[in-house]
Amino acid sequence: FETSNREKFRPAYHFSPVYGWMNDPNGMVYKDGVYHLFYQYNPYGSMWGNMHWGHATSTDLISWEHHGLAIAPDALGTIFSGSCVVDKDNTAGFGAGAIVAFYTSASDRQVQSMAYSLDNGKTFKKYARNPILTSTQRDFRDPKVIWHENTKKWIMVLAVGQEMEIYSSADLKNWTLESKFGEGQGAHGGVWECPDLLELPVEGTELKKWVLICNLNPGGPFGGSATQYFVGTFDGKRFVNESPAMTKWMDWGKDHYATVTWSNAPQGRVIALGWMSNWLYANDVPTRQFRSANTLPRDLTLYTSEGETYVKVSPSPELLKLRGKAEKKRAFKVDRTYDMDNMLSDHAGTYEIEMTVRNKDAKVIGFQLFNSKGEEVEMYYDLAAGKFFMDRTKGGDWTFSKEFPAITAAPVEGGVEMKLRLFVDKSSIEAFGNGGRFAMTNLVFPTEPYNRISFYAKGGSYSVTSFTVYRLGTN
Ligand code: FRU
């Protein structure tokens with residue numbers, strides 16, 4: 001980072017703003033070998049307000065160059081969330097290859113606006129005839145624009161109250177409402193925000209299916225904000241959810257929100273990024289000069305289990321490049337408890353653990369990550385419940401919000417062999433289980449990094465057949 005501000009909860013390998021407040025990732029777009037990340041940004045302080053789009057770029061999704069402000073408020077309002085596309089055929093007439101940004105102008109009303117960049121995102125010019133869409137609805141925002149190949153049209157999905165509206169356009173400027181989606185579908189505990197619409201391959205088949213991402217706040221599985229999604233078909237006009245009775249969550253932690261994907265990503269990849277916080281306490285977390293970081297980038301595909309199709313969330317392969325020195329431990333058996341000596345010989349607190357567990361007959365397979373201050377995060381598979389849990393109630397500082405202590409749970413298929421990847425940074429833990437079949441993202445604020453681990457078994461025994469710790473980042 002180009003900052004001397006190294007306050008202790010600043011992540012070592014997650015994206016965070018140099019100074020000020022950040023929420024949703026916006027307008028991520030890939031062009032000419034460069035990943036662009038824009039984000040909801042308050043440059044004047046570390047709480048929400050004065051929304052701008054900030055900008056950063058990367059060639060590997062790991063190290064980011066900060067570019068400051070991309071789009072600033074104007075007479076139409078502050079700049080809320082949205083998306084970008086590369087207009088390679090110049091359908092809008094701004095120029096071939098223009099990066100065109102769509103965002104919500106927010107004042108006492110919310111309207112949709114656009115801006116374009118002819119210098120690869122360095123500067124944006126606002127479209128002279130903004131706004132491009134208005135409504136009488138109060139919550140009308142977060143335009144996500146995609147190219148739909150079959151109908152050769154641009155599609156915009158908008159979050160409107162507790163629904164999505166789907167529009168189409170030939171020129172990015174004039175939009176026609178095609179359909180609405182939402183009634184009777186999924187979770188409705190709060191307002192729907194930050195949509196995305198994408199096509200993903202179903203692993204092990206030749207099939208592709210459409211996924212509609214729908215962030216909602218509140219109404220998440222552990223309170224506050226969370227990301228749900230629907231799987232189905234999309235014909236250029238209408239999205240049809242194949243399982244209307246089900247609610248599907250993309251991540252089973254409490255700090256995964258506003259997740260959307262990169263436009264124009266290379267090699268047909270679908271790469272998602274979320275905001276690693278929760279509206280319940282985002283403004284109160286104990287950082288000072290900045291607030292919030294993004295999740296790690298994640299590649300999305302689909303898998304099928306018992307006739308139902310789900311999104312599989314895998315840490316993007318670029319993350320392997322972060323791995324520094326590895327410490328590989330010998331296999332061990334856990335009957336009751338097992339303390340690993342020296343999991344990490346230093347206190348950097350930024351590492352990845354990769355482990356494989358082979359169960360014999362245990363009912364609960366668990367472990368604590370802890371530090372010398374008695375702070376610990378406990379994780380366990382409860383095989384009878386068919387769930388993986390993460391308990392951060394004793395993980396460190398939580399005094400800033402009574403909403404912070406939490407035990408989050410993800411459904412798991414109880415197999416004999418279980419694989420887990422844990423990414424631990426200064427103030428977060430992301431767990432990816434069974435090859436991406438569950439992801440769980442939680443903030444933690446330990447007053448000293450967790451550098452020890454201790455395992456336990458209940459009702460039987462198991463073996464940890466492989467266990468490797470990789471130091472991550474530069475610290
Ligand atoms: C989601 C959200 C969006 C909105 C933005 C404002 O976190 O509420 O709906 O555009 O944040 O910063």
Side-chain angles (χ1 to χ4, degrees), residues 17 20-28 37-55 69-73 76-84 101-115 131 133-135 137-145 156-165 182 187-196 212-220 223-229 250-251 254-261 272-285 290-295 441 443:
W21 162 275
M22 175 177 82
N23 56 295
D24 316 353
N26 295 151
M28 293 106 79
L37 164 65
F38 301 91
Y39 51 91
Q40 284 291 278
Y41 186 37
N42 180 4
Y44 305 118
S46 53
M47 290 172 89
W48 187 86
N50 312 307
M51 283 297 114
H52 292 58
W53 276 23
H55 183 207
L69 301 174
I71 308 180
L76 286 173
T78 53
I79 314 297
F80 274 19
S81 285
S83 58
C84 285
F102 298 84
Y103 58 88
T104 301
S105 297
S107 56
D108 51 356
R109 61 179 196 151
Q110 300 185 346
V111 298
Q112 315 318 319
S113 297
M114 64 199 281
L133 269 178
T134 62
S135 164
Q137 298 269 349
R138 205 174 69 96
D139 292 304
F140 178 66
R141 59 178 179 265
D142 308 342
K144 172 71 189 198
V145 176
M156 180 192 288
V157 189
L158 269 175
V160 188
Q162 290 196 16
E163 281 188 329
M164 299 301 180
E165 290 185 355
H188 283 273
V191 176
W192 285 16
E193 300 182 320
C194 304
D196 203 345
L212 179 61
I213 294 178
C214 169
N215 291 280
L216 104 156
N217 177 46
S225 39
T227 307
Q228 66 174 331
Y229 65 90
M250 191 171 290
D251 186 285
K254 201 165 175 170
D255 299 294
H256 175 279
Y257 194 56
T259 302
V260 288
T261 65
L273 197 64
W275 173 50
M276 195 156 59
S277 197
N278 188 313
W279 279 117
L280 285 174
Y281 44 72
N283 277 287
D284 309 313
V285 297
F290 79 100
R291 268 198 186 83
S292 299
N294 287 330
T295 66
T441 303
L443 293 176

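Hydrogens, waters and symmetry mates are skipped; everything else that's a heavy atom, side chains included, is used. As the structure lists them, so they are numbered: ligands from 1, and atoms in each ligand from 1. Since this is a predicted model, take the numbers as computed values, not measurements.
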Stepwise side chain to side chain contact (heavy atoms under 4.5 Å, CB included) test for L158 and Q137 | CA-CA 12 Å; L158 269 175; Q137 298 269 349; over 6 Å; no
Criterion side-chain hydrogen bond (donor to acceptor under 3.5 Å, both in side chains) on S113 and S105, from CA distance to verdict | CA-CA 6 Å; S113 297; S105 297; 2.6 Å; yes
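Near M51, with a cut-off below 4.0 Å to any heavy atom, the atoms of ligand 1 are 12 (O). The ligand atoms of ligand 1 that sit less than 4.0 angstrom from a heavy atom of N23 are 5 (C), 6 (C), 7 (O), 11 (O), 12 (O). Heavy-atom proximity to W279, at under 4.0 Å, picks out these atoms of ligand 1: 1 (C), 7 (O). Heavy-atom contacts of R141 reach the following atoms of ligand 1: 3 (C), 4 (C), 9 (O), 10 (O) (cutoff under 4.0 Å). Within ligand 1, counting atoms from 1 as listed, the ones closer than 4.0 Å to a heavy atom of S81 are 5 (C), 10 (O).
Protein heavy atom closest to atom 8 (O) of ligand 1, with residue, atom name and distance, is E193 OE2, 3.0 Å. With hydrogens left out, the protein atom closest to atom 4 (C) of ligand 1 is D142 OD1, 3.5 Å, a heavy atom. Counting protein heavy atoms only, atom 1 (C) of ligand 1 is closest to D24 OD2, 3.0 Å. Among protein heavy atoms, the minimum distance from atom 12 (O) of ligand 1 is reached at Q40 OE1, 2.6 Å.
With a 4.5 Å cut-off on side-chain heavy atoms, L216 and E193 do not count as touching. Looking at heavy atoms from C-beta onward, S83 lies out of side-chain contact with V260 at the 4.5 angstrom threshold.
Of the inter-residue distances, the one linking R291 atom CZ with S46 atom OG reads 4.5 Å to the nearest 0.5 angstrom. T104 OG1 to D139 CG: the interatomic distance, rounded to the nearest 0.5 Å, is 10.5 Å.
Between W279 and W48, the ring-plane angle classifies as perpendicular under the 30° and 60° cut-offs.
Among the atoms of Y257, none of the N or O lies under 3.5 angstrom from an N or O of ligand 1. On a distance-only criterion, W275 and ligand 1 share no N/O pair closer than 3.5 Å.
Of the possible polar contacts, one joining the N215 side chain to the C194 backbone as a donor-acceptor pair under 3.5 Å is found.
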